[in-house]
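Input: a single structure, listed below in structure tokens.
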Amino acid sequence: ICGLSENDEHSNANNQNLKKLYDDLNLENSNDVLEKCLKLIAELAKEEQCRNILVQTNIFESVKKLLIREDNTDIVRTQLFRAIGNLCYY
């Protein structure tokens, strides 16, 4: 459904994609990059299977660090809270 898979056959591709996403979720990136990453996380986390994979990879810790970033735009804040809300939904 979401392009992420828990099976071994796809785990290398998943790991590479998630690593890129983690790398892009750093405090130094532009608001534009962060907005897109957070929007992607928020959308993926809508699906239970994807949400479980994201939570298992501890992406929440990377997202949570962005809460202290002072120069977040309103759009980044919106996507940040969407991502957090969707990751926490059970």
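FYI, side chains are in, hydrogens and waters are out, and symmetry mates aren't considered; it's all heavy atoms of this structure. This structure is a prediction, so every number in the text was calculated from the model and none was measured.
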**OP:** Ignoring hydrogens and angles, state whether a donor on the side chain of R77 or N31 is under 3.5 Å from an acceptor on the partner side chain.
**Re:** no
Original post:
Do L54 and F60 pass the side chain to side chain contact (heavy atoms under 4.5 Å, CB included) test, and can you show the C-alpha distance, the side-chain angles, and the key distance before you say yes or no?
Top reply: CA-CA 8 Å; L54 290 168; F60 187 78; over 6 Å; no
Subject >> Step-by-step side chain to side chain contact (heavy atoms under 4.5 Å, CB included) determination, K36 to L38 >> reply: CA-CA 6 Å; K36 288 178 172 95; L38 291 165; over 6 Å; no
Does any part of the side chain of [Y], heavy atoms only, come nearer than 4.5 Å to the side chain of [X], both counted from C-beta?
{"X": "V55", "Y": "N52", "value": "no"}
{"X": "K64", "Y": "L66", "value": "no"}
{"X": "V33", "Y": "L25", "value": "no"}

**OP:** Walk me through it: do I53 and I59 pass the test side chain to side chain contact (heavy atoms under 4.5 Å, CB included)?
**Re:** CA-CA 9 Å; I53 293 168; I59 202 161; over 6 Å; no
Original post:
Is atom CD1 of I75 surrounded by more than 12 heavy atoms (other residues, nucleotides or ligands) closer than 6.0 Å?
Top reply: no
Hey, what do you get for [atom1] ([X]) to [atom2] ([Y]), rounding to the nearest 0.5 Å?
{"X": "I84", "Y": "L67", "atom1": "CD1", "atom2": "CG", "answer": "4.5 Å"}
{"X": "C37", "Y": "K20", "atom1": "SG", "atom2": "NZ", "answer": "7.5 Å"}
{"X": "N29", "Y": "E35", "atom1": "CG", "atom2": "CD", "answer": "13.0 Å"}
{"X": "K46", "Y": "I41", "atom1": "NZ", "atom2": "CD1", "answer": "14.0 Å"}
{"X": "L87", "Y": "R82", "atom1": "CG", "atom2": "CZ", "answer": "11.0 Å"}

Original post:
Do the side chain of N86 and the main chain of A42 share a donor and acceptor less than 3.5 angstrom apart?
Top reply: yes
